Protein chains: 2
Amino acid sequence: MTNSDRPTGASAPSVKDVAAAAGVSLGTVSNVLNRPERVSPRTRERVERAMAGLGFVRNESARQLRAGRSRVLAYVMLDGSNPFFSDVARGIEDVAERRELSVFLCNSDQVAEREDAYLSLLEQQRVLGVLITPVDPENPALAGLTRRGTHVVVVDRTRSGDTHCSVAVDDVLGGRLAVEHLLDLGHRRIAFVGGPEQIGQVRDRRSGARAALESAGLPADSLVDVATEGLTVEAGRGAGARIAGMSGRRRPTGVFCANDLVALGLLQQCVALGVRVPEELAIVGYDDIDFAAAAAVPLTSVRQPRRELGRKAAELLLDETTSPDHVHQQVVFQPELVARASTRGMAGRTTPQRPEPVP
Amino acid sequence: MTNSDRPTGASAPSVKDVAAAAGVSLGTVSNVLNRPERVSPRTRERVERAMAGLGFVRNESARQLRAGRSRVLAYVMLDGSNPFFSDVARGIEDVAERRELSVFLCNSDQVAEREDAYLSLLEQQRVLGVLITPVDPENPALAGLTRRGTHVVVVDRTRSGDTHCSVAVDDVLGGRLAVEHLLDLGHRRIAFVGGPEQIGQVRDRRSGARAALESAGLPADSLVDVATEGLTVEAGRGAGARIAGMSGRRRPTGVFCANDLVALGLLQQCVALGVRVPEELAIVGYDDIDFAAAAAVPLTSVRQPRRELGRKAAELLLDETTSPDHVHQQVVFQPELVARASTRGMAGRTTPQRPEPVP
DNA sequence: CATCAGATATGAAACCTTTCAATCGTCAAT
DNA sequence: ATTGACGATTGAAAGGTTTCATATCTGATG
């Protein structure tokens, strides 16, 4: 056990203290830390012993101040409790780890003010770069960061213009896939559940849904809009109650939810209220989170390459910070529909049923 | 639009630049930033205009260097993709927000090396304090931080000794509740699913389970142990396959899973392989995450006050950093069993069934 | 008109690390 | 013995912010 106990009040030892203890100059201590090969083994040993004895811990603030930049990436998540975003974060961590960088996770929780507060903080921290799934991709604060020299990559959104890189999945296509699937199954009264309107994902997925209706020769306005306050399980439950409460002739036969959380909440509430899924109501979610497959009725969902999304975003960011001739890119991944029992029929049921609803 | 564009290469403006632009000393700029009431309105206005014009952003590293401490709390999560921990994080954020602090979320992903790397980084960052749900609460690195003056609060674990504060839920009691519930329903062949052994939650919950058996006059060793590699949905699926594969006479009739992720995976796999839940297999999870209620068969689970856990932990940490006469506390919350269909019977089934299995 | 109080503004020092040009010491070659 | 070369070490400067003791100014009071 080294003698590194520090009674309250004494401040942390600095390179200066280490230098004094080892009887060398502070430049030498720094060399031990940063270019050990330039220091003779004898001296190095002595310095290392002094560091251990004093319990020396490098002061990252001072390093950063000197270096001008930190070794930290930040990801501002739209919703920390949505597994979709933690999966994206994992992808970012994969890349960061390989480059010996750390990742600072922030949760805007879909609140614009929180997002702005975090962006401001991160800019002050002089982080290496910011990855963000913004509440609103047109948030002027993003342009501000870029203008002042902090690199920003937008995740899960595309932005008009080429002010920064972005990585996204084609949400319009995703919405189209979801609704085409419902149309293929014969549904004609289809609802879209999600909100609020500011969230781009919501807009795009809905617009894809409308496009699918139009391609099928139906008026886009026939899409029943069920607005929610947010994209949470709780919001989904609320929407479920509203839909279950509709009279049989008005109630949609198929719903497309803006994400899986909403779909799961809606599913749970509908089942609890006696609406059979998918016989009376077919449900399509979005994101294909792990829980989607484990739901009351395994959930049909639109799958996105979540982890890959994070990886690509981090790579773009690092390229931007590293190579001088970087060109902004807008990478768009393709989503994929995963059909399961919530639209198809009851998997595992002893009496299989045809899911065809009344057209 | 202010003229704050900065061509690549030019470094960010500092207080010095602002001072020059406004024609005042740099001390005055600092006063505008920190004690605006001491600056005459005219000067203040001039300085603020200069800051806006130059696109001045405070350098947090330099502030910290001067102040010695940062305004950031960190929470090192055991598993970023487990909603339990994001809920705890939310509780922490609640408290931090109120005090104008920020929260740095880190994900050890149950890897001890990652945990140590983050702890080291955070100590170097001189964060205000560290909240952590450790892979192993006896990790000596924790004692190291405390010894060198960084405050640490352990979340969701208790630690022997009183080296730091901790907030936990009584996992032994939770395990006992879960298994008592199964015993009450008549189950006698009961399995515990979870792992790895190093994780304290796993040990405690299992030990509570064994205690329940003993209290019921059964040998503790009659608890069938199904070890998993981790506490994930995927691990649960694997365990589900193993259990479903057992012959009818050897297969347990009730299982208690170390957390909900494992329980959901297990549930899904068992249902897929044709094992009826709860008729042939009753399942109890742990954590009562939102998804538990929305599962294939709504999941009986042991509920913990997750958000409250985070709040209390953050409060303890802040008390520790603020009040000089702080005394370390070990706060223990009580868990609560929430019975649902996975042990009781099929809720919402048209033909209700008695869940009583063969004893 | 001189003095003083109070309100404002200033400039230097400190925080800790890193870097780099300069110095020191040693050994080999001349 | 002198020089040169080279490896090891040094010391000062820089980086941006905050603080605090000091200086300056304004206006009022005697």
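All values reported here derive from a predicted model rather than from experimental measurement. These numbers come from the heavy atoms of this one structure, side chains and all, not from hydrogens, waters or symmetry mates.
- Here dC15(C) presents its C1' atom at 13 Å from CG of N59(B), a figure rounded to the nearest Å.
- Between the side chain of N82(B) and the backbone N or O of F84(B) there is at least one donor-acceptor pair closer than 3.5 Å.
- No donor-acceptor distance shorter than 3.5 angstrom exists from the side chain of T28(A) to the backbone of V24(A), with no hydrogens or angles considered.
- Distance CD (Q124(B)) to C1' (dC16(C)): 13 Å, rounded to an integer number of Å.
- Using a 4.0 Å heavy-atom cutoff across all strands shown, V29(B) reaches no nucleic acid atom at all.
- Set against dT18(C), dT10(C), dC16(C), the side chain of N31(B) has dT10(C) as its closest nucleotide.
- Rounded to a whole Å, the CG atom of L26(B) is 10 Å from the P atom of dA12(C).
- Under a 3.5 Å cut-off, the side chain of N107(A) and the backbone N or O of G80(A) do form a donor-acceptor pair.
- Contacts of V24(A) with the nucleic acid, taken as non-hydrogen atoms under 4.0 Å apart, involve only primed sugar atoms and P, OP1 or OP2.
- For R69(B), the CZ atom sits in a packed shell: over 12 heavy atoms of surrounding residues, nucleotides or ligands are nearer than 6.0 Å.
- Not one N or O on the side chain of H151(B) forms a donor-acceptor pair closer than 3.5 Å with the backbone of T321(B).
- Side-chain polar atoms of N59(B) and Q124(A) form no donor-acceptor pair below 3.5 angstrom.
- In this model, the phosphate group of dA14(C) is not approached by any side-chain N or O of R66(B) to a distance below 4.0 Å at OP1 or OP2.
- Summary of the strand contacts: L65(B) and R44(B) both lie near DNA chain C, and taking for each the nucleotide with the nearest heavy atom, the more 5' one is attributed to R44(B).
- Taking the charged nitrogens against the carboxylate oxygens, R126(A) and E60(B) have no contact shorter than 4.0 Å, which rules out a salt bridge.
- One atom, NZ of K16(B), and another, C1' of dA12(C), lie 13 Å apart when rounded to the nearest Å.
- Heavy-atom distances to DNA chain C give each of G27(B) and S30(A) a nearest nucleotide, and the one nearer the 5′ end belongs to G27(B).
- The phosphate of dA9(C) (OP1 or OP2) has a side-chain N or O of T43(B) nearer than 4.0 angstrom.
- If you walk DNA chain D from 5' to 3' and mark each nucleotide with an atom closer than 4.0 Å to a heavy atom of chain A, the marks span dA8(D) to dG16(D).
- Checking dT17(C), dA12(C), dT18(C) against the side-chain heavy atoms of F56(A) singles out dT17(C) as nearest.
- S25(B) has a side-chain polar atom (N or O) that falls below the 4.0 Å cut-off from OP1 or OP2 of dT10(C).
- Distances shown here put a side-chain N or O of R35(A) below 4.0 Å from the OP1 or OP2 atom of dT19(C).
- As judged by a 4.0 angstrom heavy-atom cut-off over every strand, S14(A) is placed among residues touching the sugar-phosphate backbone only.
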